[in-house]
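Right, one structure below, let's go through it.
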Amino acid sequence: MKNNQIKTADQVMAATYTRFPIVLTKGDGCTLWDATGREYTDFVAGIAVCNLGHAHPGIAKAIADQARRLVHVSNLYYTRPQIELAEWLVEHSFADRVFFCNSGAEANEAAIKLVRKYFRDRGVPERFRIITTEGSFHGRTMATLSATGQPKIRKGFEPMLEGFDIVAFNDLEAVREAVTEESCAVMVEPIQGEGGVRSPVPGYLEGLREICDREGLLLIFDEVQTGMGRTGKLFAYEHFAMTPDIMTLAKALANGLPMGAMLAKEKVAAAFTPGSHASTFGGTPLVAAAALVVAKALVEEGVLSNCERVGRYFKDRLLDLKSKHTFIKDVRGEGLLLGLDLAIDGVSIVKACMERGFLINCAQEHILRFIPPLIIQEEQIDSLIVCLDAVFEDLSRKSEG
Ligand SMILES: *Cc1c(COP(=O)(O)O)cnc(C)c1O
């Protein structure tokens, strides 16, 4: 039975989401409650957003204090939290400069605009085509949609923006073949998130770096999902012996307040000059104050090391499940971005877990994705594994009977 609020919602809101029929009202750490008082352990974290968990006291205090002081003034002026955050990002990454915006799509738009401007400034405007990969997800605006290698997401919005060449993921030869004198950049997620937690094969990202260097292309890493500690390092590129030229961030940057960032090396960033690009809300003191709490917690309060340790524990438990249940084809991912590739439908499993008090996510219909807050503990993982085991047992029994 649907409650009245859900009925109203289905009448007045754009029908862009398939929502689960619960109204969430409260959270604390890795726990959420719905309007009927039911409790859930959260392995979704707002889709890899709430890395410090829900109702984090430090975040709540930073937002409240900053709201009393200054929420917004426009980027016509300097504000302290934004400066401090940019400084932190530059100190902790390969990048020299940061542009702030409000979402992952906007961060990627900024990256796409930056590479176009970079080559135009160098007198080669014909170099504007960006190579991206199948199964990728870069956002829902027209440019980022055009960059996204998933037909189901592009469908209905054609024609796509010109200038994107989509090649198979994990295939260096395909990239080499796609490079023309019009190419300007390669854009990839170091681990594909929405595409189903697809990891790069050994040498793939390093190989992309080599191709880019040889052909004079820029390398863009979309770390909107993998960045800010999700994979057990601050940024996923740190797992590999290379750095990109540009990196985009969003999701976890401000633990749930809307914030995105595009980071670049000086040589490339220099193509953005006053008036080139802008965002009214980008990097307001309010969201930047929250992001500073996230940054501090990751490095100084052990959240990053918890992610690394618990992530390894979680992956081992998923491997235990795989050795028990034959319809688990693959366990993959890094840190607390983990996936179970199933030979069966995943959506029904998500629903069964929800009934047992666990929120998990399913990508591409058959890949269970686990992206909990990075503060999650072993006991909570053990409980989820017991739940999954029971749900899988039920399924096996049903398919036999
Ligand atoms: C979520 C996501 C985006 C889009 O972010 P929005 O904030 O929804 O615009 C882009 N790239 C990746 C890798 C993502 O996971």
Side-chain angles (χ1 to χ4, degrees), residues 14 16-19 44-51 99-114 130 132-150 152-154 157 161 164 166 169-170 185-200 205 208 219-231 233 235-237 239 244 246-263 279 281-284 287 290-291 294 332-339 361-364 367 369-372 374:
T16 47
Y17 307 98
T18 311
R19 295 181 201 258
V44 180
I47 311 192
V49 166
C50 306
N51 281 4
F99 173 84
F100 289 112
C101 51
N102 313 290
S103 68
E106 280 181 50
N108 288 332
E109 284 276 344
I112 292 163
K113 286 182 71 175
L114 181 66
I130 300 176
T132 69
T133 60
E134 286 168 7
S136 62
F137 183 76
H138 298 299
R140 301 278 192 163
T141 61
M142 275 316 301
T144 57
L145 188 63
S146 305
T148 291
Q150 295 189 55
K152 67 172 186 200
I153 288 175
R154 301 151 61 106
F157 301 103
L161 187 74
F164 296 91
I166 300 172
F169 183 61
N170 270 337
V186 175
M187 177 162 161
V188 288
E189 298 155 80
I191 297 175
Q192 287 189 347
E194 303 306 307
V197 194
R198 290 168 73 205
S199 300
L205 298 175
L208 288 181
L219 183 57
I220 307 168
F221 271 13
D222 177 347
E223 293 229 25
V224 167
Q225 187 156 157
T226 55
M228 300 308 287
R230 178 53 54 187
T231 68
K233 305 251 187 216
F235 308 110
Y237 76 81
H239 291 285
I246 299 173
M247 169 172 75
T248 54
L249 302 173
K251 289 198 164 81
L253 193 49
N255 208 58
L257 297 197
M259 181 174 225
M262 192 272 300
L263 289 73
S279 168
F281 294 124
T284 64
V287 295
V294 172
R332 55 192 188 227
E334 209 52 69
L336 285 167
L337 172 56
L338 295 173
N361 176 257
C362 176
Q364 309 296 328
I367 297 147
R369 180 172 47 165
F370 306 99
I371 36 180
L374 306 185

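Order of appearance sets the numbers: ligands from 1, and atoms from 1 within every ligand.
Closest to atom 5 (O) of ligand 1, if we only count protein heavy atoms, is Gly104 CA, 3.3 Å. For atom 11 (N) of ligand 1, the closest non-hydrogen atom of the protein is Asp222 OD2, 2.7 Å. Distance from atom 14 (C) of ligand 1 to its nearest protein heavy atom, with residue and atom name: Lys251 NZ, 2.9 Å.
For Gly139, no nitrogen or oxygen atom sits less than 3.5 Å from a nitrogen or oxygen atom of ligand 1, counting backbone and side chain alike. For ligand 1, the polar-atom distance check finds an N/O of Ala105 within less than 3.5 Å of one of the ligand's N/O atoms. For a threshold of 3.5 Å applied to N or O pairs, the pair formed by Val224 and ligand 1 contains no separation below that value. Between Gln225 and ligand 1, an N or O atom pair is found at a separation short of 3.5 Å.
By the definition of a contact as any protein heavy atom under 4.0 Å away, atom 8 (O) of ligand 1 is not in contact.
The minimum heavy-atom distance linking Cys101 with Ala261 is given by the pair SG-N, 4.0 Å.
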Carefully, step by step, assess Gln364 and Gln150 under the rule side chain to side chain contact (heavy atoms under 4.5 Å, CB included).
CA-CA 10 Å; Gln364 309 296 328; Gln150 295 189 55; 2.9 Å; yes
Side chain to side chain contact (heavy atoms under 4.5 Å, CB included) between Arg140 and Thr148: does it pass, once the steps are laid out?
CA-CA 8 Å; Arg140 301 278 192 163; Thr148 291; over 6 Å; no
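For the residue pair Thr133 and Gln192, a side-chain donor N or O sits within less than 3.5 Å of a side-chain acceptor on the partner.
One finds the CG atom of Leu337 at 7.0 Å from the CD1 atom of Ile371 (value rounded to the nearest 0.5 Å).
Considering only heavy atoms from C-beta on, Arg230 comes within 4.5 Å of Leu336 through its side chain. Residues Asn170 and Pro200 meet the side-chain proximity criterion, which asks for heavy atoms closer than 4.5 Å.
Between Arg369 and Glu194 there is a salt bridge, since at least one side-chain N of the basic residue sits less than 4.0 Å from a carboxylate O of the acidic one.
The atoms of ligand 1 that sit less than 4.0 Å from any heavy atom of Asn108 are 10 (C), 11 (N). Atoms of ligand 1 lying under 4.0 Å from any heavy atom of Ser103, numbered from 1 in the order shown and given with element: 7 (O), 9 (O). Residue Glu189 has at least one heavy-atom neighbour below 4.0 Å for each of these atoms of ligand 1: 13 (C).
With a heavy-atom cut-off of 4.0 Å, Ala250 does not touch ligand 1 at all.
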